[in-house]
J.: 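Could you have a look at this structure, given as structure tokens, before my questions?
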Amino acid sequence: FSLPSATAGWPRVIMAVTDEPGSALPQMLVLEQQTPRSPYLLWYNIRLMPGSTLPEMPATSVGAVPVEPNSLFLKMQPKDVPVAYGDVINQGASSLSSALFDLSKDEFYKQVSESQKSQVANLKTGTITFKHTLGSKNVISLSTSKAGALVAVYMSDTYVIKPKKRGSAVAVSGQEKVLLGADGSTRGVRSVYGDMMLFYVPALSDTAGIRLLGVTQGLVSVRSL
């Protein structure tokens, strides 16, 4: 799969799916060229979800029309998708945005939401809060054949853990321990994860829900409060 943007101006975009040898999942590469003489730069490297299927797209020879981050012709403006999706992760069915997403086969949603619930339930000596925001203004979208859009976007996940009582501490492990350089903190810990995500956002008139097609997550920073 390879799809360039159909535009006479700049910036110009290419979305391409590559298939690696072995058992690795295919990845969506999203590249952007800012000016006629500048090189294409890789903005997103997104692992496609197992079993995910891309919507019907224009032919490579034709290209796809770029979609603005604030487009009103889609079920949701592309720039608003991370915050809405994050609210669904935090609130579940009680989120006002839950009906806009198709979560039936979304394993990332299931894993993250269950992990958050588990952390709240198991954290006896501290409190934890979760916040999901738009991590980059460079939201890149190309139109599908049915007036929807493939949306590549960056979501920032911030987890803040604070001890309940003075003199107690919160502990970290794994990669968070390595980045923090300690086992924990008596003041609390702020961890930030970054998610490069690919969504299919249907047209405003479409009855289908917004679907997560792929995600690459990584730990960005850990610091003591």
Side-chain angles (χ1 to χ4, degrees), residues 20 22-30 41-50 52 79-92 94-95 97-98 101 103 105-140 151-199 212-225:
E20 298 180 26
S23 58
L25 292 168
Q27 57 188 352
M28 170 70 82
L29 304 181
V30 184
L41 299 179
L42 179 66
W43 273 90
Y44 294 96
N45 180 354
I46 304 167
R47 289 288 178 187
L48 297 181
M49 306 281 284
S52 64
K79 66 179 180 63
D80 293 337
V81 172
V83 174
Y85 185 76
D87 190 63
V88 176
I89 290 176
N90 290 347
Q91 305 294 332
S94 61
S95 169
S97 301
S98 62
F101 289 87
L103 304 173
K105 298 180 181 180
D106 191 336
E107 291 300 321
F108 181 77
Y109 161 76
K110 294 176 183 178
Q111 291 176 13
V112 176
S113 60
E114 288 300 322
S115 173
Q116 290 187 179
K117 292 176 184 176
S118 176
Q119 290 181 69
V120 171
N122 295 328
L123 192 61
K124 305 300 182 182
T125 60
T127 60
I128 185 169
T129 57
F130 311 97
K131 187 177 181 180
H132 307 278
T133 60
L134 178 65
S136 170
K137 293 181 180 180
N138 194 26
V139 180
I140 300 177
V151 176
V153 67
Y154 187 79
M155 183 171 77
S156 180
D157 308 322
T158 302
Y159 302 88
V160 177
I161 306 177
K162 296 180 180 180
K164 290 181 178 179
K165 297 180 180 179
R166 180 176 297 180
S168 62
V170 294
V172 293
S173 60
Q175 290 183 324
E176 292 185 344
K177 178 180 176 180
V178 173
L179 285 185
L180 184 63
D183 294 333
S185 170
T186 57
R187 297 189 300 273
V189 175
R190 179 180 183 269
S191 302
V192 179
Y193 287 81
D195 309 301
M196 292 182 286
M197 314 181 84
L198 180 70
F199 287 92
L212 178 65
L213 301 176
V215 59
T216 297
Q217 185 183 65
L219 180 60
V220 177
S221 67
V222 182
R223 67 175 178 82
S224 180
L225 299 177

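Values below: all heavy atoms of this structure, side chains included; hydrogens, waters and symmetry mates excluded. All figures in this text were calculated on a predicted structure; none of them were measured in a lab.
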J.: Between Leu212 and Tyr109, does a side-chain contact (heavy atoms from CB on, under 4.5 Å) hold up when you go through it step by step?
T.: CA-CA 9 Å; Leu212 178 65; Tyr109 161 76; over 6 Å; no
J.: What are the two closest non-hydrogen atoms of Phe101 and Ser97, and how far apart are they?
T.: CD1-O, 3.3 Å
J.: Looking only at the side chains, is there a donor atom on one of Ser95 and Asp87 sitting less than 3.5 Å from an acceptor on the other?
T.: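 Distance-only check passes for Ser95 and Asp87.
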J.: Restricting to non-hydrogen atoms, name the atom on Ser156 and the atom on Val192 that form the minimum distance, rounded to 0.1 Å.
T.: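 Scanning both residues, the minimum pair turns out to be OG-CG1, 3.6 Å.
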J.: Check Val83 against Thr133 and note the closest heavy-atom contact, atom names and distance.
T.: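 Answer, listing the atom of Val83 first, then Thr133: CG2-CA, 4.1 Å.
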J.: Considering all heavy atoms of both residues, which atom of Ser185 and which atom of Ser224 are nearest to each other, and what is their separation?
T.: OG-OG, 2.7 Å
J.: Nearest 0.5 angstrom please: Lys131 NZ to Asp157 CG, how far?
T.: 12.0 Å
J.: Measure the OG-CG distance between Ser221 and Leu180 for me, rounded to the nearest 0.5 Å.
T.: 10.5 Å
J.: Among residues at least two apart in sequence or on other chains, which ones pass side chain to side chain donor-acceptor pair (under 3.5 Å) with Arg47?
T.: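 Partners of Arg47 by the side chain to side chain donor-acceptor pair (under 3.5 Å) criterion, ordered by chain and then number, come out as Glu20.
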J.: Under the side chain to side chain donor-acceptor pair (under 3.5 Å) rule, what pairs show up with a residue in residues 115-127, not counting sequence neighbours?
T.: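 Pairs touching residues 115-127 that pass the test: Asn90-Gln116, Ser115-Gln119, Gln116-His132, Ser118-Asn122.
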J.: Apply side-chain contact (heavy atoms from CB on, under 4.5 Å) to residues Leu134 and Val139 and explain how you reach the verdict.
T.: CA-CA 9 Å; Leu134 178 65; Val139 180; 4.0 Å; yes
J.: Could you tell me if the side chain of Met49 sits less than 4.5 Å from the side chain of Asp106, heavy atoms only?
T.: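 Contact flag for Asp106/Met49 side chains = yes.
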J.: Please report the interatomic distance CD1(Ile46) to OH(Tyr154), rounded to the nearest 0.5 Å.
T.: 11.5 Å
J.: Provide the closest heavy-atom pair for Asp183 versus Lys177 in the form atom of the first, atom of the second, distance.
T.: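 Answer, listing the atom of Asp183 first, then Lys177: OD1-CE, 2.7 Å.
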J.: Show your reasoning for whether side-chain contact (heavy atoms from CB on, under 4.5 Å) applies to Val30 and Met196.
T.: CA-CA 10 Å; Val30 184; Met196 292 182 286; over 6 Å; no
J.: Let me confirm one number: the CG-CE distance from Leu198 to Met28, rounded to the nearest 0.5 Å.
T.: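 Here the interatomic distance stands at 5.0 Å.
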J.: Could you state the interatomic distance from CH2 (Trp43) to CD1 (Ile140), rounded to the nearest 0.5 Å?
T.: 7.0 Å
J.: My understanding is that only one of Thr129, Val172, Leu225, Val170 makes a side-chain contact (heavy atoms from CB on, under 4.5 Å) with Ile161; could you say which?
T.: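 Considering Thr129, Val172, Leu225, Val170, a side-chain contact (heavy atoms from CB on, under 4.5 Å) with Ile161 is found only for Val170.
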J.: Locate the shortest heavy-atom distance separating Glu176 from Ser191; write the atom from each residue and the value.
T.: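 That would be OE2-OG, 3.2 Å.
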J.: Tyr85 and Asp195: side-chain donor and acceptor closer than 3.5 Å?
T.: no
J.: side-chain contact (heavy atoms from CB on, under 4.5 Å) for Leu25 and Leu48? Distances and angles first, verdict last.
T.: CA-CA 6 Å; Leu25 292 168; Leu48 297 181; 5.6 Å; no
J.: Please, which pairs that meet ring-ring contact (aromatic ring centres under 6.0 Å, His included) have at least one residue in residues 161-198, sequence neighbours excluded?
T.: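 Listed by first then second residue: Tyr159-Tyr193.
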